[in-house]
Amino acid sequence: MLKALDILKVAHRNTIEPSMNLLHMKEQHIPGSIQYVIRRYYAQQQWNSDDTGMLVYHYNTRNQEENFLELRYCISGNKYCFEKSCANCSELPTQNCSGKHETVDVFSFHFSSTFLHQFVHNVKLSNRKDEVLAFKHPNSFTKLFPVCSRKRMALDALLNHSYSGSMENIFTNAKVHELLLYSLECLVDEKEEGFACKFLADDAGKDRIYQAREILLQRIGDPITIKELSRKVAMNECYLKKGFKEVFGTTIFDFYQQQRMEHAKYLLYEKGLSVTDVSALLGYSSISHFSAAFKKHTGLKPCDLLR
């Protein structure tokens, strides 16, 4: 079983970790309730990683009271300022301040079997997600998944809210339940024990899946077919599609579309590019096709983000 902070090593692809300073830690440990720890780190050296999620299912046949589900996340890109006395901060270095520093934020949420029982009481267990919540799956496992925009928003909200007291407890519980829901959605109903594809048992297979992801990210504005992608990573199309969903919890198409739309939001809102320019940069044949895809993904029209 992976240790709690191994999510850092997983996110950093098991390479040498930069030295980290703990900036902030918040935790809650109440028996029978949601238990969590949030740690915010400052990486003194450059931190290159993907936002990563991990679901840990612990099953003890002999003592079922020890069964638990744990969610762990590692995200980066948020910023923290060491200087608390700045006024009218422009987020740029000043005489007394070197500017805001990017952080690495690590979350751990622990759910006991007793706590999760409320969701499966009197529910017919019709799929693997129900079995996991009810601790009817007979083997412990660890599942990695990507941090989609919904999970990222919930995690960011836990770091940047203004609630206190009882309102904070209500808010925190709501966001943690959201994370539980979104993370369980990443589980797929497969026959393989432990939710793992047998052909991904070796590191070479996993490396090809990660290589496919990098190629997709590099070609945000130059769409590639799955057939072309499978040739580039030297993997059978079927294995590539199945393995990609196993590793990242989403299909190749959905992942690619999500990344294109997130990049479109950045180009429209942060860079102030026109809808026509963004449509062309992302490789769409027409503005109408881009606008339809953007609205389907975000619920907004591209022009809504223009400044």
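Throughout, numbering of the chain's residues begins at 1 and tracks the sequence. Side-chain atoms are counted along with the backbone in the values below, which use heavy atoms only and exclude waters and symmetry mates.
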What residues form a side chain to side chain donor-acceptor pair (under 3.5 Å) with [X], not counting sequence neighbours?
{"X": "Asn160", "result": "none"}
{"X": "Asn173", "result": "none"}
{"X": "Ser164", "result": "none"}
{"X": "Ser291", "result": "none"}

Pairwise side-chain contact, [X] with [Y], heavy-atom cut-off 4.5 Å (strictly under):
{"X": "Leu155", "Y": "Asp51", "answer": "no"}
{"X": "Asp277", "Y": "Leu267", "answer": "no"}
{"X": "Phe255", "Y": "Arg213", "answer": "yes"}
{"X": "Leu158", "Y": "Leu179", "answer": "yes"}
{"X": "Val37", "Y": "Arg39", "answer": "yes"}
{"X": "Thr142", "Y": "Leu55", "answer": "no"}
{"X": "Phe119", "Y": "Leu184", "answer": "no"}
{"X": "Leu69", "Y": "Tyr57", "answer": "yes"}

When clusters are formed by joining ILVMFWY residues with side-chain heavy atoms under 4.5 Å apart, either directly or through shared neighbours, do [X] and [Y] land in the same one?
{"X": "Leu217", "Y": "Phe253", "value": "no"}
{"X": "Val176", "Y": "Ile75", "value": "yes"}
{"X": "Val278", "Y": "Met261", "value": "yes"}

I need the minimum non-hydrogen distance between [X] and [Y], along with the two atoms involved.
{"X": "Leu268", "Y": "Phe290", "result": "CD1-CZ, 4.4 Å"}
{"X": "Ser108", "Y": "Arg72", "result": "OG-CG, 4.2 Å"}
{"X": "Tyr73", "Y": "Gly53", "result": "CD2-CA, 4.0 Å"}
{"X": "Leu229", "Y": "Ala212", "result": "CD1-O, 3.9 Å"}
{"X": "Pro223", "Y": "Tyr256", "result": "CA-OH, 3.3 Å"}
{"X": "Cys74", "Y": "Val106", "result": "SG-CG2, 4.4 Å"}

Donor-acceptor contacts, no H, no angles, side chain residues 231-238, under 3.5 Å, sequence neighbours left out:
| unit_1 | atom_1 | unit_2 | atom_2 | d |
| --- | --- | --- | --- | --- |
| Asn236 | OD1 | Cys238 | N | 2.8 |
| Asn236 | OD1 | Tyr239 | N | 3.2 |

Atom [atom1] in [X], atom [atom2] in [Y]: separation rounded to 0.5 Å?
{"X": "Asn169", "Y": "Gln28", "atom1": "CG", "atom2": "CD", "answer": "6.0 Å"}
{"X": "Asp105", "Y": "Arg40", "atom1": "CG", "atom2": "CZ", "answer": "4.0 Å"}
{"X": "Leu281", "Y": "Thr276", "atom1": "CG", "atom2": "OG1", "answer": "11.0 Å"}
{"X": "Arg208", "Y": "Leu240", "atom1": "CZ", "atom2": "CG", "answer": "10.5 Å"}
{"X": "Ile252", "Y": "Ile215", "atom1": "CD1", "atom2": "CD1", "answer": "10.5 Å"}
{"X": "Asn60", "Y": "Ser140", "atom1": "CG", "atom2": "OG", "answer": "8.0 Å"}

Answer yes when Arg152 and Glu262 have at least one side-chain N-carboxylate O distance shorter than 4.0 Å, and no when they do not. no
Evaluate Val123 against Leu133 for side chain to side chain contact (heavy atoms under 4.5 Å, CB included), listing each step before the verdict. CA-CA 11 Å; Val123 172; Leu133 279 177; over 6 Å; no
Please step through side chain to side chain contact (heavy atoms under 4.5 Å, CB included) for the pair Ile226 and Lys241, ending with a clear verdict. CA-CA 8 Å; Ile226 293 179; Lys241 289 190 287 186; 3.9 Å; yes
Cut-off 3.5 Å, side chains only: do Ser288 and Ser286 have a donor facing an acceptor? yes
In terms of side-chain heavy atoms, does Gln257 have a donor or acceptor partner in Arg260 at a distance below 3.5 Å?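 Checked: Gln257/Arg260 side chains pair up, N/O donor to acceptor below 3.5 Å.
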Above 12 or not: heavy atoms from other molecules or residues under 6.0 Å from NE2 of His289?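 It does not: His289 NE2 has 12 such atoms or fewer within range.
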For Glu65, look at atom CD and say whether over 12 heavy atoms of other residues, nucleotides or ligands are found less than 6.0 Å away. no
Suppose clustering is done on Ile, Leu, Val, Met, Phe, Trp and Tyr with side-chain heavy atoms closer than 4.5 Å. Which residues sit in the same group as Tyr163? Met167, Ile170, Phe171
Passing option when His110 is tested against Glu70, His29, His58, Gln35 for side-chain hydrogen bond (donor to acceptor under 3.5 Å, both in side chains): Glu70
Whether Tyr36 and Phe109 hold their rings parallel, tilted or perpendicular, with breakpoints at 30° and 60°: tilted
Determine, stepwise, if the pair Val132 / Phe141 fulfils side chain to side chain contact (heavy atoms under 4.5 Å, CB included). CA-CA 10 Å; Val132 167; Phe141 67 87; 4.1 Å; yes
Test item: Asp222 side-chain N/O and Gly283 main-chain N/O as donor-acceptor pair under 3.5 Å: no
Could you check, using the six-membered ring where one of them is a Trp, whether Tyr59 and His137 have ring centers closer than 6.0 angstrom?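 No, the ring of Tyr59 stays outside the 6.0 Å limit from the ring of His137, centre to centre.
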For the rings on Phe68 and Phe135, is their centre-to-centre separation under 6.0 Å? no
For Phe107 and Leu159, run side chain to side chain contact (heavy atoms under 4.5 Å, CB included): C-alpha distance rounded to whole Å, both residues' side-chain angles, the deciding distance at 0.1 Å, then the answer. CA-CA 10 Å; Phe107 305 76; Leu159 287 169; 3.7 Å; yes
